[in-house]
Amino acid sequence: MSTFELPKTYDFSTTEQRIYAWWESQGYFKPSNDPAKPDFDPSIKPFVISIPPPNVTGELHLGHVAFISTEDLMIRYQRMRGVPALWVPGTDHAGIATQLQVEKLLAKQGIKREDLGRDEFERRTWEWKHKYGGQITQQIRRIGASCDWERERFTLDEGLSKAVREAFVRLYEKGLIYRGPRMVNWSPGLKTAVSDLEVEYSQEPGKLYYFKYMLADGSGEFIPVATTRPETILGDTAVAVHPEDERYQKYVGRMVTVPILGREIPVIADDYVDRAFGTGALKITPGHDPNDYAIGERHNLPLISMLDTTAHVNENGGAYAGMDRFEARKKLWADMQAAGLVIKEDAYTLNVPRSQRGGEIIEPMVSTQWFVRIAPLAKAAEAVIESGEIKIVPERFTKTFYNWLENIQDWCISRQLWWGHRIPVWYCQDCKETIVSRTDPTVCPKCGGSHLEQETDVLDTWFSSGLWPFSTLGWPEETPDYRYFYPTSVLETGYDIIFFWVLRMIMEGLEFTGQVPFHTVYLHGLIRDEHGQKMSKTKGNVIDPLPIMDEMGTDALRFTVLVGATPGNDMSLSTKKVEANAHFANKLWNAGRFVIGALENAPAAPVNAPDWTLADSWVWARLQTVIRDVDRLFTNYQYGEAGRQIYDFFWGDFADWYVEAAKLQLSEGGDRAFYTASSLVRVLDASLRLLHPFTPFVTEELWGLLKRAAQEKGAAYVPANGDENGWEAALIIAQYPLPTPVEDWEAAKTADFALLQEVVRAIRNLRTEKRVPPSRKIPAVIAAGDRLSVLETQRGAFALLAGIDPAAFILAASLNEIPANAVAIAVLGMEIYLPLEGLVDVEAERIRLQKEMDDVTTQIERLNTLLGSSFAERAPAQVVERERQKLITFQDTLARLRGQIESYQ
RNA sequence: GGGCGAUUAGCUCAGUUGGUUAGAGCAUCCGCUUUACACGCGGGAGGUCACAGGUUCGAGUCCUGUAUCGCCCACCA
């Protein structure tokens with residue numbers, strides 16, 4: 001193999017698929033300590049994540065990319081630390097979403113689900129699931145997700161269905177599930193109840209309708225009432241006023257007549273009524289408004305349902321029966337106008353409840369549903385968050401959790417859908433007994449009759465997804481997986497499904513397993529477009545991750561979503577950022593090519609290991625610092641910052657400086673070259689390990705090449721710790737770099753190299769300013785004072801990095817005479833002269849040096865002020881000393897600048 | 001109405017134990033086929049860190065208030 005065999009540009013497209021298939025075939029995605037294996041050791045603590053199961057109907061979007069990248073990063077990190085890491089994948093049957101999809105498909109053929117009947121519809125949905133359900137999991141693989149696919153689950157598969165039944169029956173037996181008529185949010189389009197969370201409110205222009213509620217006694221008196229939904233007049237059973245409202249007190253207890261219908265209903269007093277709003281009198285429709293429902297219960301009002309499941313007026317609506325709700329609104333209002341009952345209509349902004357899925361207007365309706373008595377579960381959930389048994393990251397979201405738990409309403413778990421877990425309840429047609437059972441009963445335990453009919457409702461999707469962390473591990477069976485891997489470690493998800501999912505898992509987990517389902521909740525933000533706008537199809541700003549990965553590679557996209565993110569905060573994503581990170585992947589690739597080339601060209605047989613050069617020591621010290629920082633940042637879930645640090649180190653330190661310095665060392669040949677190649681390998685190896693959780697593909701590919709090249713060469717360092725085969729088999733299971741204690745030499749080497757960098761930069765700067773062509777080697781004279789020894793050892797590196805002709809490079813402690821015809825500058829108390837005959841414009845030099853002196857003087861003044869203040873007494877001695885040293889250096893520099901400027905007089 | 005977040009370079013954003021002259025990517029300007037990389041290299045310009053107070057020797061970072069934007073929850077007919 002030679003460098004030239006590796007393409008100049010990293011080819012991710014051929015690499016990614018091959019690497020993923022290889023990882024999977026080698027079994028690297030399986031936990032290293034597995035109850036299924038004979039050498040299983042139950043005492044080793046595993047790291048476990050249950051994937052937030054995407055909808056089986058789903059197509060990959062950036063949200064998926066973000067959470068999968070983050071979870072994969074956590075899993076890969078732990079795996080590389082030697083922790084048995086299990087990531088359980090799977091998909092959710094997503095009741096409403098999937099049913100809608102299939103219905104839409106059928107609609108194209110002109111078929112309604114009712115035409116097929118329940119069984120056939122279910123059969124076709126399964127068919128559809130088998131056909132397309134694999135799409136999303138394939139796309140998840142594409143991102144590089146190192147899930148244990150042999151443990152993949154689906155919320156409707158056999159084991160999970162068993163878990164759902166167990167959960168339902170237990171709650172029922174405990175008296176925590178009840179069935180009854182309640183006011184629910186009804187979706188007329190989907191013809192099912194939906195939960196409060198599935199309703200979204202939108203501000204829309206509407207009208208406030210004012211009309212007369214005539215007294216029934218024929219006196220001609222009336223109470224003015226305002227409503228936004230006139231059609232609900234058909235269901236009115238009272239008019240309410242505030243008990244202390246002087247305008248209406250006299251009517252309380254009397255009867256008024258429902259417009260058009262002519263029913264007589266009472267006027268009641270209730271302090272719920274806001275005297276200042278509208279007319280101060282409120283019509284009460286207990287059947288179609290949650291507040292009215294509550295008032296109705298307080299006052300024992302009859303309840304009239306006047307809409308059917310499709311939101312058409314039913315038989316209680318008299319002449320309006322059969323009309324759509326909005327049609328009825330128009331017609332009724334027109335009729336009332338004709339009857340002289342209308343006062344006025346005002347424009348009014350409504351807060352319209354709409355279905356999150358279908359988008360149609362939700363109608364509050366009373367219907368018989370199944371509910372979970374949630375208060376005891378919520379209380380338990382609150383306790384584990386309060387005690388810290390479950391930690392929320394970022395911490396500020398704990399407030400959100402509490403707030404919701406404290407105001408929680410009973411959970412409506414029944415849905416009138418055909419796709420989902422059918423509620424395990426049977427009704428005996430003979431004796432009307434209700435049977436709740438873990439297994440399908442055949443006869444009624446009470447009367448022995450065999451005419452049993454199962455409840456037609458299915459369970460809310462979130463009822464089953466709430467069981468996910470343990471149902472996927474085998475619960476309710478005490479399986480080896482459940483025993484070993486539960487509770488899981490981290491639940492990573494978006495903050496938008498805290499209520500839907502996270503809290504339900506906590507509540508159900510505590511209830512059914514007696515344990516928290518996970519110890520940490522890590523919440524990520526949402527991905528927005530490059531201007532911070534929410535991505536939506538209507539705005540047309542949706543970025544599809546698949547073509548992005550096709551064009552720029554998976555690693556680039558992963559790195560972008562990981563590094564752009566800070567926990568709990570939304571991030572903006574643009575293709576520009578992905579592009580920049582694709583360049584980073586390419587930078588890695590080319591650094592790899594260089595190192596491999598260096599290995600190949602280095603002499604084969606080492607004689608003596610030479611001392612490390614300053615550059616060798618410096619880059620190693622820098623690397624150790626990065627490793628320590630990354631370790632600390634990972635512990636604090638600061639993945640983005642960790643990635644940035646590695647990026648900066650790799651590009652800014654390793655590639656820009658160390659590789660350049662190494663070129664000189666390599667050119668020396670012999671032992672120096674041999675060991676420099678090994679040093680390059682060592683640093684690159686550590687960098688690849690650090691980066692692997694972020695950009696798994698390019699790092700794995702490169703690491704393999706690097707390892708082989710180092711082995712073949714017999715390098716002093718080969719990127720693999722020994723295992724029984726002699727080598728770590730793959731980067732994915734290689735050890736993550738461990739932080740080491742800070743050693744004394746690090747600070748000194750770092751400072752020395754920083755000195756070199758500063759002087760090199762000053763020279764480069766001068767060169768650019770004087771328009772010296774980069775290729776031209778120039779003479780230089782440096783008076784380095786007490787820094788001479790440091791620079792002396794770095795002569796070669798120095799000359800190379802600054803473009804100095806080594807034959808015309810004078811380094812001295814001090815000069816007897818300032819070189820003539822030279823461009824001069826002073827840095828860190830050192831004088832630098834570049835004899836550039838013909839380029840020296842005395843006047844320009846004086847101006848430049850004067851400006852330099854002004855800058856330095858400003859710094860000196862600042863430091864003088866600072867050190868003259870109480871800072872000197874109060875700040876830690878170390879900090880003060882640092883500033884004092886700085887002042888001395890600046891003063892020294894100023895003196896030298898002054899000397900230089902005088903030489904131009 | 002209650003809660004939360006954001007406000008840092010032209011744009012998008014980092015900056016979590018308070019401590020150099022506040023950083024990155026993109027954009028921009030100048031110069032470079034320097035034998036890993038032009039998906040690159042070197043150099044530059046660009047910021048009163050929203051505003052007003054406060055704590056501190058020291059504040060982008062901590063506290064209080066204000067403004068603007070955004071999100072969540074609750075919702076008055």
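Because only heavy atoms are used, hydrogens play no part in the values below, and waters and symmetry mates are left out as well, while side chains stay in. Chain identifiers are assigned alphabetically (A, B, ...) following the order of the sequence lines, protein sequences preceding nucleic acid strands; residue numbering begins at 1 within each chain.
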In terms of ring plane angle, is the pair Tyr209(A) and Trp333(A) parallel, tilted or perpendicular, where the classes change at 30° and 60°? perpendicular

On the 0 to 90° scale, with breaks at 30° and 60°, tag the Phe584(A)-Phe650(A) ring pair as parallel, tilted or perpendicular.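 It falls in the perpendicular class, over 60°.
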
[X] side chain: which of [options] is closest?
{"X": "Gln638(A)", "options": "G15(B), G19(B), U16(B)", "value": "U16(B)"}
{"X": "Gln859(A)", "options": "C32(B), G19(B), U21(B)", "value": "U21(B)"}
{"X": "Phe499(A)", "options": "G15(B), C72(B), U17(B)", "value": "C72(B)"}
{"X": "Arg771(A)", "options": "C4(B), G31(B), C37(B)", "value": "G31(B)"}
{"X": "Pro774(A)", "options": "C32(B), A36(B), C73(B)", "value": "C32(B)"}
{"X": "Asn586(A)", "options": "A36(B), A14(B), C39(B)", "value": "C39(B)"}
{"X": "Tyr201(A)", "options": "C75(B), C71(B), G19(B)", "value": "C75(B)"}
{"X": "Ala655(A)", "options": "C39(B), C32(B), A36(B)", "value": "A36(B)"}
{"X": "Lys587(A)", "options": "A36(B), C75(B), U34(B)", "value": "A36(B)"}
{"X": "Asn569(A)", "options": "G5(B), G43(B), C76(B)", "value": "G5(B)"}

Using the test side chain to side chain contact (heavy atoms under 4.5 Å, CB included), find all partners of Ala797(A) that sit at least two apart in sequence or belong to another chain. Leu664(A), Gln794(A)

Given [N], is OP1 or OP2 found less than 4.0 Å from the side-chain N or O atoms of [X]?
{"X": "Ser572(A)", "N": "C11(B)", "answer": "no"}
{"X": "Lys577(A)", "N": "C11(B)", "answer": "no"}
{"X": "Trp651(A)", "N": "C41(B)", "answer": "yes"}
{"X": "Arg644(A)", "N": "A24(B)", "answer": "no"}
{"X": "Tyr272(A)", "N": "A77(B)", "answer": "no"}
{"X": "Asn765(A)", "N": "G44(B)", "answer": "yes"}
{"X": "His583(A)", "N": "C37(B)", "answer": "no"}
{"X": "Asn407(A)", "N": "C73(B)", "answer": "no"}
{"X": "Lys576(A)", "N": "G25(B)", "answer": "no"}
{"X": "Lys8(A)", "N": "U33(B)", "answer": "no"}

Taking the [atom1] atom of each, how far is [N] from [M], in whole Å?
{"N": "G43(B)", "M": "C51(B)", "atom1": "C1'", "value": "37 Å"}
{"N": "G15(B)", "M": "G5(B)", "atom1": "P", "value": "15 Å"}
{"N": "A14(B)", "M": "A24(B)", "atom1": "P", "value": "16 Å"}
{"N": "G3(B)", "M": "A45(B)", "atom1": "C1'", "value": "44 Å"}
{"N": "U20(B)", "M": "C26(B)", "atom1": "C1'", "value": "28 Å"}
{"N": "U64(B)", "M": "A77(B)", "atom1": "P", "value": "35 Å"}
{"N": "U21(B)", "M": "C37(B)", "atom1": "C1'", "value": "32 Å"}
{"N": "C11(B)", "M": "G53(B)", "atom1": "C1'", "value": "32 Å"}

Regarding [X], tell me which of base, sugar-phosphate or nothing describes its non-hydrogen contacts under 4.0 Å with the strands shown.
{"X": "Tyr348(A)", "answer": "sugar-phosphate"}
{"X": "Asp570(A)", "answer": "nothing"}
{"X": "Arg761(A)", "answer": "sugar-phosphate"}
{"X": "Ala580(A)", "answer": "sugar-phosphate"}

Would Lys886(A) and Glu883(A) pass as an ion pair if we require N to O under 4.0 Å?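 Looking at Lys886(A) and Glu883(A), the cut-off is met.
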
Residue met sooner reading RNA chain B from 5', once Asn590(A) and Trp404(A) are mapped to nucleotides: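 Nearest nucleotide further toward 5': that of Asn590(A).
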
Closest to the 5' end of RNA chain B, once Pro290(A) and Thr400(A) are matched to their nearest nucleotides, is Thr400(A)

Base partner of [N], which must satisfy Watson-Crick or wobble distances under 3.5 Å:
{"N": "C51(B)", "value": "G65(B)"}
{"N": "U21(B)", "value": "none"}
{"N": "A45(B)", "value": "none"}
{"N": "C71(B)", "value": "G3(B)"}
{"N": "C26(B)", "value": "G10(B)"}

Between U34(B) atom C1' and Leu664(A) atom CG, what is the distance in whole Å? 14 Å

As a quick check of understanding, evaluate side chain to side chain contact (heavy atoms under 4.5 Å, CB included) for Arg628(A) and Arg632(A), giving each step before the final call. CA-CA 6 Å; Arg628(A) 289 178 202 122; Arg632(A) 175 177 54 82; over 6 Å; no

Can a donor-acceptor pair under 3.5 Å be found between the side-chain atoms of Asn351(A) and the base atoms of C75(B)?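 By the distance-only test, yes, there is a pair.
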
ring-ring contact (aromatic ring centres under 6.0 Å, His included) between Phe649(A) and Tyr647(A), worked out: CA-CA 5 Å; Phe649(A) 165 75; Tyr647(A) 177 105; over 10 Å; no

For residues Ser572(A) and Lys577(A), is any side-chain donor paired with an opposing acceptor at under 3.5 Å?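 There is no such pair between these side chains.
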
Does Arg275(A) offer a backbone N or O that forms a donor-acceptor pair with the side chain of Arg247(A) under 3.5 Å? yes

Nearest non-hydrogen partners of Phe559(A) and Gly643(A), listed with the distance: CZ-O, 3.6 Å

